[in-house]
Amino acid sequence: AATAVLGTGLLAVALLGGGAAIAADPITLKLGYSLPPTSHYGVGADAFAKALAEKTDGKYVVEMFPSNALGGEREMIEGAQFGTIDLVVTSTGPVGNFVPDTLTFDIPFLFRDYAHARGVLDGEIGQAVLDKFPERGLIALAWGENGFRHLTNNKVAVTEPEDVKGLKIRTMQNDVHMRAFTTLGALPTPMAFPEVFTAMQQGTIDGQENPIPVIVSGNFAQVQKYLSLTGHVYSPALFIMAPSRWDELSDAEKTAFKEAAKIGADAMRKQVETFEADGIAKLEAAGMTVVEHPDSARFAEALAPAYAEYEKRFDPELIKRIRAWQ
Ligand code: PAF
């Protein structure tokens, strides 16, 4: 954050910790996200803020509201629509309720690995979806990353799709994900993230699914016994902006915001990789039983009825193009 603003002269600037200048009369923007400041979202948001200050000669200062300080992801996105929050870093979890085109990317086992997901999102397919946001009252600056999601629970070491039957699993407020868990015979319970830890602690739900960095930073090992590395779905993240703020920007500033968001997204992706490198060992050390190789092929097979539905609901040609991406 800015530490000082010097003088009243037009060119007076103060230096940020990261070396970026702050203009005499900076505009402060509120940025919210659901994870702690040290998370991949925090690292991405900080890199964005620093790049934005550099690119706009300190005209914009970003004030961070991590750890759900402005509410859950759905609430924050609504805030951006209303213009009460300027910027949000969010997973796509609830975004499909606002921009249905993002839901295609939430299909389980759509992406093979990180290179595949990042390549599709950064290419013309991903751009075409970013371009849909304005007609839904939102601006999307760039794709970021939450990571491949894995399943945790308190009842059973999940290796086969049958193990999931009857488990009460918290999902995001995302009906593509919910459909997948229903198809597997689980009882999906959509819930905003701020409620999840307590729900696991109190046993209202048996489990949840999230990427390794979230499971580590959320201290889920305190309330969950089993982790299965299902990698059942890739969870993209987004830098979202309030249209009311966006419309005030010059063309050059719009470019600066997009470029800064891309820098933030790259930093976020790097941080996901760093956290994944030692996250599983940390969770084991914290007492979780880890199933390293659940039968992914059988999970994908068991999802056949859900896939048939997704193909009707979304553009089957687009799904084919995404799958075929090399
Ligand atoms: O599970 C969720 O809701 C999301 O993955 C989270 C943890 C809020 C990060 O975007």
Side-chain angles (χ1 to χ4, degrees), residues 31-45 48 64-80 85 87-99 102-103 105-106 108 111 114 117 121 140 142-153 168-178 180-181 186 188-200 204-224 227 230-240 264-265 267-269 271-272 275-276 279 283:
L31 185 155
Y33 55 92
S34 273
L35 298 172
T38 49
S39 66
H40 49 302
Y41 285 3
V43 167
F48 163 74
M64 301 293 174
F65 292 85
S67 309
N68 304 305
L70 302 179
E73 292 187 329
R74 188 175 183 146
E75 271 175 282
M76 287 192 282
I77 298 163
E78 275 164 10
I85 301 177
L87 293 151
V88 184
V89 172
T90 175
S91 71
T92 51
V95 176
N97 299 301
F98 301 84
V99 185
T102 62
L103 286 169
F105 300 139
D106 296 319
F111 297 110
Y114 281 116
L121 294 176
W143 292 104
E145 182 163 89
N146 193 17
F148 277 94
R149 301 179 80 89
H150 305 287
L151 188 65
T152 70
N153 84 97
K168 222 171 169 198
I169 304 292
R170 175 270 176 173
T171 65
M172 297 194 285
Q173 293 148 303
N174 180 301
D175 58 8
V176 170
H177 290 187
M178 287 173 66
F181 279 100
T189 310
M191 195 183 278
F193 186 66
E195 294 155 40
V196 175
F197 190 90
T198 312
M200 292 189 291
T204 332
I205 50 174
D206 299 318
Q208 64 83 50
E209 42 85 58
N210 249 305
I212 296 297
V214 176
I215 299 170
V216 174
S217 69
N219 297 318
F220 287 1
Q222 289 176 9
V223 290
Q224 294 277 272
L227 165 65
T230 45
H232 52 276
V233 69
Y234 175 77
S235 185
L238 280 160
F239 281 83
I240 286 180
M268 196 184 294
R269 287 172 176 176
Q271 195 60 42
V272 168
F275 283 147
E276 288 206 338
L283 294 169

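Owing to the predicted nature of the structure, the values given are computational and were not obtained by experimental measurement. Atoms within each ligand, like the ligands themselves, are counted from 1 in listed order. In this chain, residues are counted from 1 in sequence order.
Ring geometry for Phe148 against Tyr114 counts as perpendicular: the plane angle is over 60°, on a 0 to 90° scale with 30° as the lower cut. Using bins of under 30°, 30° to 60° and over 60° for the plane-to-plane angle, the ring pair Phe239/Phe48 lands in the tilted bin. Between His40 and Phe275, the angle of the ring planes goes over 60°, which puts this pair in the perpendicular group of the 30/60° scheme.
For ligand 1, the 4.0 Å heavy-atom shell takes in Ser34, Leu35, Tyr41, Glu73, Ser91, Asn146, Arg149, Arg170, Met172, Phe193, Asn210, Val214, ordered by chain and residue number.
In the model, Gln208 has a side-chain atom that pairs as donor or acceptor with a side-chain atom of Thr152 under 3.5 Å.
Taking His150 as the reference, nothing meets the ring pair (Phe, Tyr, Trp, His ring centres under 6.0 Å) condition, with sequence neighbours excluded.
Within the 3.5 Å criterion, the main-chain N or O of Gln173 finds a donor-acceptor partner in the side chain of Asn97.
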